[in-house]
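Here's the structure we're looking at; comments come further down.
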2 protein chains.
Amino acid sequence: MLNAAERDQLRSNARFVHFKKNELIYLEDENPKDLMILFKGKVKIFRSGVGGRSQIIRIMRPIQFFGYRAYFAREPYVTAASAFEACTVCKIPMELIEQFLRTNGELALFFIRMLSIDLGIADQRVVNLTQKHVRGRLAESLLFLKETYGLEEDGATINIYLAREDLANLSNMTTSNAIRTLSNFVNERIITIDGRKIKIIDEERLHKISRIG
Amino acid sequence: MLNAAERDQLRSNARFVHFKKNELIYLEDENPKDLMILFKGKVKIFRSGVGGRSQIIRIMRPIQFFGYRAYFAREPYVTAASAFEACTVCKIPMELIEQFLRTNGELALFFIRMLSIDLGIADQRVVNLTQKHVRGRLAESLLFLKETYGLEEDGATINIYLAREDLANLSNMTTSNAIRTLSNFVNERIITIDGRKIKIIDEERLHKISRIG
DNA sequence: ATATATTTGTGTTTTAGAACATAGTTCTAC
DNA sequence: GTAGAACTATGTTCTAAAACACAAATATAT
């Protein structure tokens with residue numbers, strides 16, 4: 001998507017940064033400077049709301065772009081990002097990206113497309129998180145985690161190691177409710193749990209629970 | 001932002017369409033074809049959720065762009081749009097816009113900026129709608145309506161004529177709760193109401209209620 | 001202009017989910 | 001390897017907001 005000159009510039013301006021598990025990548029209210037590309041690991045984008053209660057807005061997998069929205073909107077970050085697990089991130093100055101965009105229509109359309117997809121997801125998420133009940137929201141989150149990070153070799157275990165609290169923050173509920181509802185799903189033979197490892201037994205039923213809310 | 005040739009093309013492809021009060025402008029699942037520019041009137045972008053319960057996602061004022069996100073994301077609309085009041089909308093084929101974008105970097109950055117701003121709003125809205133209580137959400141909506149549509153000549157009455165149901169759908173609550181909470185605000189001398197006309201008496205207090213949730 | 005439908009207003013009941021409490025378990029850091 | 005912290009689990013209580021019910025007031029259509 002870039003020409004030779006652009007690629008050269010990119011190479012000389014890109015920096016690779018490593019983050020440890022739970023390390024913060026950027027903070028709310030900070031000024032956005034770089035486009036970030038997640039090369040390795042898993043990242044959560046979150047925002048703290050009423051009484052400091054945290055809500056996970058998006059989760060990232062390799063190779064996805066993040067951290068660029070606020071720069072384009074000319075505002076400080078309204079979210080923060082941190083590493084679910086050890087990560088490698090490539091940082092590219094947004095000024096350079098913006099400069100590319102002025103002359104590279106395909107690159108511009110690429111960013112327009114990413115933003116448009118994310119906005120569509122956000123629009124749907126508003127309705128899902130506000131209208132679905134706890135069971136529906138948790139079912140949706142489990143399916144969403146499966147879609148994003150895939151399954152382990154057994155073809156059933158979701159490939160992420162998440163605390164109940166993160167699962168709760170992703171699904172807009174208290175940690176207690178995430179734990180309780182997860183237990184219910186186990187009793188109903190929809191999933192099995194082994195510590196933080198979650199195995200999906202009856203995906204069809206999860207879909208149904210998510211659908212009816 | 002456009003050159004002479006682009007402006008010519010635009011003129012020969014733009015169509016003006018009128019919509020009556022409550023008329024639908026586009027529907028969920030429909031295929032997006034046109035960029036829409038609201039010239040006159042007020043528009044709501046909404047989505048129906050669990051059990052057909054409707055949630056207002058965005059509201060538009062002249063002169064704002066809408067209807068383009070789904071085209072860029074290469075997906076059908078996930079929302080619908082309808083006219084709060086009689087509207088004039090200019091429709092421009094998205095194919096033409098996309099063609100412009102490939103060579104016009106400034107126009108591309110304009111769309112990137114709009115999408116980025118809207119995505120930031122959506123990210124914040126997710127947290128506000130899920131975490132704030134009824135009073136906080138309604139206070140926020142009233143302030144938001146004031147910001148969007150302004151005040152009448154008296155410098156206090158919000159310049160929109162909204163049913164309680166729409167106010168509820170904007171604030172993620174039942175119509176009963178919107179009515180009740182509005183009455184409470186009147187008793188607390190924060191606002192006055194005359195039918196659908198809402199006058200803000202104590203804006204500072206509204207801000208405070210919205211802030212604390 | 002009048003009948004019918006829709007919207008508004010209020011009281012009452014019900015319930016989903018938060019808040020709180022406490023104990024057992026598993027990480028993590030030194 | 002152990003101490004302390006953080007996480008998981010489950011029971012109990014409390015409350016905000018939905019659901020329901022029914023007038024009264026407006027709006028809309030013929």
Side-chain angles (χ1 to χ4, degrees), chain A residues 20-23 49-55 82-86 127-141 160-187 191-198 209 212-213, chain B residues 20-23 49-55 83-86 127-141 160-188 191-198 209 212-213:
Chain A
K20 282 179 284 205
K21 187 177 171 167
N22 292 322
E23 201 177 348
V50 178
R53 219 175 108 201
S54 160
Q55 169 72 47
S82 86
F84 272 137
E85 53 185 58
V127 179
N128 288 341
L129 284 184
T130 56
Q131 296 193 0
K132 285 184 184 174
H133 286 182
V134 162
R135 282 170 65 86
R137 300 204 300 272
L138 187 65
E140 181 178 313
S141 289
I160 188 172
Y161 190 74
L162 264 195
R164 300 287 189 269
E165 190 183 355
D166 277 320
L167 201 51
N169 291 344
L170 187 63
S171 316
N172 179 37
M173 62 186 68
T174 55
T175 306
S176 300
N177 264 325
I179 291 168
R180 208 182 303 265
T181 309
L182 225 40
S183 298
N184 291 342
F185 284 175
V186 171
N187 290 336
I191 60 170
T192 61
I193 54 182
D194 174 17
R196 294 188 177 180
K197 284 291 173 188
I198 299 171
I209 293 170
I212 62 173
Chain B
K20 282 179 285 203
K21 186 177 172 169
N22 292 323
E23 201 176 349
V50 178
R53 217 175 108 200
S54 159
Q55 170 73 46
F84 271 138
E85 52 184 59
V127 179
N128 287 341
L129 283 184
T130 55
Q131 296 193 0
K132 285 185 185 175
H133 286 183
V134 162
R135 284 170 63 87
R137 301 204 301 273
L138 187 65
E140 181 178 312
S141 290
I160 189 172
Y161 190 74
L162 264 195
R164 300 288 188 269
E165 190 184 356
D166 277 319
L167 202 51
N169 292 344
L170 187 63
S171 316
N172 179 38
M173 63 186 67
T174 55
T175 306
S176 301
N177 264 326
I179 291 168
R180 210 182 302 267
T181 309
L182 225 40
S183 297
N184 291 342
F185 285 176
V186 171
N187 290 335
E188 296 168 46
I191 60 170
T192 61
I193 53 183
D194 173 17
R196 293 188 178 179
K197 284 293 174 186
I198 299 171
I209 294 170
I212 62 174

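We name chains A, B, ... by the order of the sequence lines, and we start the count at 1 in each one. Note that the coordinates shown come from a computational prediction; the quantities given were computed from them, not determined experimentally.
The two residues B:K20 and B:A83 have their closest heavy-atom pair at O-CB, 3.5 Å.
Here the C1' atom of nucleotide C:dT8 and the CZ atom of B:F185 are 18 Å apart, to the nearest Å. Look at CD on A:Q131: it is 13 Å from C1' on D:dA18, rounded to the nearest Å. A:I198 has its CD1 atom 10 Å from the P atom of D:dT8, to the nearest Å. Look at CD1 on B:I209: it is 15 Å from P on D:dA16, rounded to the nearest Å. Between B:K132 atom NZ and C:dA18 atom P there is a gap of 18 Å when expressed in whole angstrom units. In this structure, A:I193 atom CD1 and D:dC7 atom C1' are separated by 13 Å, rounded to whole Å. The nearest whole Å value for the distance from the CG atom in A:N184 to the P atom in D:dG11 is 11 Å. Atom CD1 in B:I179 sits roughly 16 Å away from atom P in C:dT6 (whole-Å rounding).
For A:H133, taking side-chain heavy atoms from C-beta onward, the closest of the listed nucleotides C:dA16, C:dA18, C:dG9 is C:dA16. If you check D:dA17, C:dT8, D:dC20 against the side chain of B:A163, the one that comes closest is C:dT8. Nearest to the side-chain atoms of A:K21 among the listed nucleotides C:dT10, D:dT8, C:dT28 stands C:dT28. Side chain of A:E165, nearest nucleotide from C:dT8, D:dT28, D:dC7: D:dC7.
Taking only side-chain nitrogens and oxygens, A:R196 never comes nearer than 4.0 Å to OP1 or OP2 of C:dC27. A sub-4.0 Å separation between OP1 or OP2 of D:dA9 and a side-chain N or O of A:R180 is absent. Between A:N177 and C:dA18, a side-chain N or O to OP1/OP2 separation shorter than 4.0 Å is present. Look at B:T174 and you won't find any side-chain N or O under 4.0 angstrom from OP1 or OP2 of D:dA17.
At a threshold of 4.5 Å between non-hydrogen side-chain atoms, the residues A:I191 and A:V186 count as touching. Inter-residue side-chain proximity for B:F185 and B:I198 is flagged as unmet; no heavy-atom pair is nearer than 4.5 Å.
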Output side-chain donor-acceptor pairs under 3.5 Å for residues 127-134 of chain A, partner residues at least two apart or in another chain, one line each.
unit_1 : atom_1 : unit_2 : atom_2 : d
A:N128 : ND2    : A:E140 : OE1    : 3.3
A:N128 : ND2    : A:E140 : OE2    : 3.4
A:T130 : OG1    : A:V126 : O      : 2.8
A:T130 : OG1    : A:V127 : O      : 3.2
A:Q131 : OE1    : B:V50  : N      : 2.9
A:Q131 : NE2    : B:R53  : O      : 3.3
A:K132 : NZ     : A:E140 : OE1    : 2.5
A:K132 : NZ     : A:S210 : O      : 2.9
A:K132 : NZ     : A:S210 : OG     : 3.2

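With axes fitted over five pairs at each extremity, the angle between the ends of the helix from C:dA1-D:dT30 to C:dC30-D:dG1 is 70° (10° resolution).
The OG atom of A:S82 sits 7.5 Å away from atom CG of A:D166, with the distance rounded to the nearest 0.5 Å. Within the model, atoms CZ of B:R180 and OG1 of B:T174 stand 8.0 Å from one another, a figure rounded to the nearest 0.5 Å. Summarising the geometry, atom CG belonging to B:L167 is positioned 11.5 Å from atom CZ belonging to B:R137; distances are rounded to the nearest 0.5 Å. In this structure, CG on B:N184 lies 10.0 Å from CD1 on B:I209, to the nearest 0.5 angstrom.
Counting non-hydrogen atoms under 4.0 angstrom, A:S183 reaches the backbone sugars and phosphates but no base.
Comparing B:L162 and A:R135 by the nucleotide of DNA chain C whose heavy atom lies nearest to each, the residue mapping closer to the 5' end is B:L162. Between B:Y161 and B:M173, the one whose closest nucleotide on DNA chain D sits nearer the 5' end is B:M173.
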